There are 2 protein chains.
Amino acid sequence: MSKQADLTVLGQDAACCAPMVREPLGEVDAAELSRMFKALADPIRLRLLSLIASHEGGEACVCDLIGPFDVSQPTISHHLKVLREAGLVGSERRGTWVYYWVLPEALAKLSALLQTPAVPAKASA
Amino acid sequence: MSKQADLTVLGQDAACCAPMVREPLGEVDAAELSRMFKALADPIRLRLLSLIASHEGGEACVCDLIGPFDVSQPTISHHLKVLREAGLVGSERRGTWVYYWVLPEALAKLSALLQTPAVPAKASA
DNA sequence: CGGCTGAATCGACAGCCGTCGATACAGCAT
DNA sequence: ATGCTGTATCGACGGCTGTCGATTCAGCCG
């Protein structure tokens, strides 16, 4: 934690940002990317992320994030930690409340990776 | 299986294709999307997908996909099944060999979901 | 200071997931 | 037909993951 610290650092390595349709992923890139996708691989975390991202001001207090779900507060806290450790969100305590915001560069990286350059080649069959 | 069957069906529902930064995901969309992300949440499957996508002709035989990995053939077969059941790839047997190809619409859907409309708002701190 | 609220951590537990070897199935070749 | 190669399925097992209640920590307020 300790404020946002390495917010914009984000290992902009190289290879792992181009569409995967271009060239095979290396083992290292695949490992790092799979950690990010793993963070997205849960319905609650997906909804948390979209809730944070679409919240006014681009950030949300944890107290705003507990209500919409049927799980306990510690569970939400756990999911937020997963998102944070995957580099998808940042967080900061401001007085009584803790705020979370999305790190757009991380999402953009994944989005670019999944981009498909052209249109279907097989869909007709 | 039975050939590609519902290849182009892809529940183009609606909400779940716009950037999640726009509005919160519904529970149903989040559940479906998390299934797709779960399929991407493994380094071997990511590499398989990129290997298939970047293979000449846009498709690859399973026999091309076993060599690059240190896991057994049944494990590769399992991962391919996960990708197929997530709707990310299609497959077809042609004679002795089975071929896999990426379904670009699925990737595009996820890519669009992760798109970030603007630039960072918080990076200045 | 004492108590209160918001959030994170801890420890435990059930269920899921990746992996394997063994086996079954499909198609070609002899 | 018989055997061989390529691929999928099966059953088992260890490790990871999501969840909870209980607890702890942080900051505000009286």
Side-chain angles (χ1 to χ4, degrees), chain A residues 1-5 27 30-31 33-49 51-52 55 59-86 88-101, chain B residues 1-5 27 30-31 33-49 51-52 55 59-86 88-101:
Chain A
M1 280 116 268
S2 70
K3 298 213 59 173
Q4 52 262 55
E27 295 187 38
L33 290 166
S34 72
R35 263 179 259 121
M36 291 186 162
F37 282 121
K38 199 162 296 201
L40 296 176
D42 180 281
I44 291 190
R45 288 199 289 269
L46 274 181
R47 290 175 61 203
L48 276 173
L49 197 65
L51 225 48
I52 294 170
H55 200 270
E59 58 180 22
C61 167
V62 175
C63 57
D64 297 325
L65 301 174
I66 294 180
F69 299 94
D70 288 335
V71 299
S72 68
Q73 174 267 319
T75 297
I76 294 297
S77 192
H78 163 71
H79 284 307
L80 289 171
K81 183 179 183 180
V82 172
L83 288 173
R84 184 160 31 80
E85 291 185 338
L88 297 176
V89 303
S91 69
E92 183 187 16
R93 174 163 219 130
R94 288 204 285 275
T96 302
W97 295 281
V98 176
Y99 291 86
Y100 283 77
W101 57 87
Chain B
M1 278 123 271
S2 68
K3 297 210 60 173
Q4 54 263 55
E27 297 187 36
L33 291 166
S34 72
R35 260 179 262 122
M36 289 185 165
F37 281 121
K38 197 162 299 201
L40 297 176
D42 181 280
I44 290 189
R45 287 197 292 269
L46 274 181
R47 290 175 61 202
L48 276 173
L49 198 63
L51 225 49
I52 295 170
H55 199 272
E59 58 181 24
C61 167
V62 175
C63 57
D64 297 323
L65 301 174
I66 293 179
F69 298 95
D70 288 334
V71 299
S72 68
Q73 173 268 321
T75 298
I76 295 296
S77 191
H78 164 69
H79 285 307
L80 289 171
K81 183 178 182 180
V82 172
L83 288 172
R84 183 160 32 81
E85 291 184 339
L88 296 177
V89 304
S91 69
E92 182 187 17
R93 173 163 221 130
R94 288 206 284 274
T96 302
W97 296 281
V98 177
Y99 291 86
Y100 283 77
W101 58 86

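Residue numbering restarts at 1 for every chain, and letters A, B, ... go by the order of the sequence lines. Treat the numbers as computed from the prediction; the structure is a model and nothing was measured.
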Using atom [atom1] of [X] as one end and atom [atom2] of [N] as the other, report the distance to the nearest whole Å.
| X | N | atom1 | atom2 | result |
| --- | --- | --- | --- | --- |
| A:Lys81 | C:dA7 | NZ | C1' | 13 Å |
| B:Leu65 | D:dT7 | CG | C1' | 12 Å |
| B:Ile76 | D:dG6 | CD1 | C1' | 14 Å |
| B:Asp64 | D:dG6 | CG | C1' | 12 Å |
| B:Ile66 | D:dT7 | CD1 | C1' | 7 Å |
| B:Leu80 | D:dT9 | CG | P | 11 Å |

Minimal non-hydrogen separation, [X] against [Y], with atom names:
| X | Y | result |
| --- | --- | --- |
| B:Cys63 | B:Trp97 | SG-CD1, 3.8 Å |
| B:Ala86 | B:Ala39 | CB-CB, 3.5 Å |
| B:Trp101 | B:Ile52 | CA-CG2, 3.6 Å |

Report summary line: For B:His55, the side-chain contact (heavy atoms from CB on, under 4.5 Å) test, sequence neighbours excluded, returns B:Ala60, B:Asp64

Query raised in the report: With sequence neighbours excluded, what pairs up with A:Ser72 under the side-chain contact (heavy atoms from CB on, under 4.5 Å) test?
Result: A:Pro74, A:Thr75

Query - Side chain proximity check, A:Ile44 to A:Ile76, heavy atoms < 4.5 angstrom - result: yes

Query - side-chain hydrogen bond (donor to acceptor under 3.5 Å, both in side chains) partners of residues 33-42 of chain B, not counting sequence neighbours, each pair once - result: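 For residues 33-42 of chain B, and leaving out neighbouring residues, there are no side-chain hydrogen bond (donor to acceptor under 3.5 Å, both in side chains) pairs at all.
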
Query raised in the report: Which of these, B:Leu80, B:Leu49, B:Leu48, sits in a side chain to side chain contact (heavy atoms under 4.5 Å, CB included) with B:Val89?
Result: B:Leu49

Query raised in the report: Atom CE of A:Met36 and atom CG of A:Leu83: how far apart are they, to the nearest 0.5 Å?
Result: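 Answer rounded to 0.5 Å: 11.5 Å.
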
Query - Spatial distance of atom CG (B:Leu40) from atom CG (A:Leu33) [nearest 0.5 Å] - result: 10.0 Å

Query raised in the report: To the nearest 10 degrees, what angle separates the axes at the start and end of the helix from C:dC1-D:dG30 to C:dT30-D:dA1, five pairs each?
Result: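 The helix from C:dC1-D:dG30 to C:dT30-D:dA1 shows an end-to-end axis angle of 10°.
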
Query raised in the report: Taking the side chain from A:Arg45 and the backbone from A:Arg47, do they hold a donor-acceptor pair closer than 3.5 Å?
Result: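 Checked: no pair found.
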
Query raised in the report: What string of B, S and - do you get for nucleotides 24-30 of chain D, 5' to 3', when a contact is any protein heavy atom under 4.0 Å?
Result: --SSS--

Is there any protein nitrogen or oxygen under 3.5 Å from a nitrogen or oxygen in nucleotides 12-20 of chain C, and what are the pairs?
{"from": "C:dG18", "atom 1": "OP1", "to": "B:Arg45", "atom 2": "NH1", "distance (Å)": "3.1"}
{"from": "C:dG18", "atom 1": "OP1", "to": "B:Arg45", "atom 2": "NH2", "distance (Å)": "2.7"}
{"from": "C:dG18", "atom 1": "OP2", "to": "B:Arg45", "atom 2": "NH1", "distance (Å)": "3.4"}
{"from": "C:dT19", "atom 1": "OP2", "to": "B:His79", "atom 2": "NE2", "distance (Å)": "2.3"}
{"from": "C:dC20", "atom 1": "OP2", "to": "B:Ser72", "atom 2": "N", "distance (Å)": "2.7"}
{"from": "C:dC20", "atom 1": "OP2", "to": "B:Ser72", "atom 2": "OG", "distance (Å)": "3.0"}
{"from": "C:dC20", "atom 1": "OP2", "to": "B:Thr75", "atom 2": "OG1", "distance (Å)": "2.8"}

Query raised in the report: What nucleic acid atoms does B:Tyr100 come within less than 4.0 Å of, heavy atoms only: base, sugar-phosphate, or nothing?
Result: sugar-phosphate

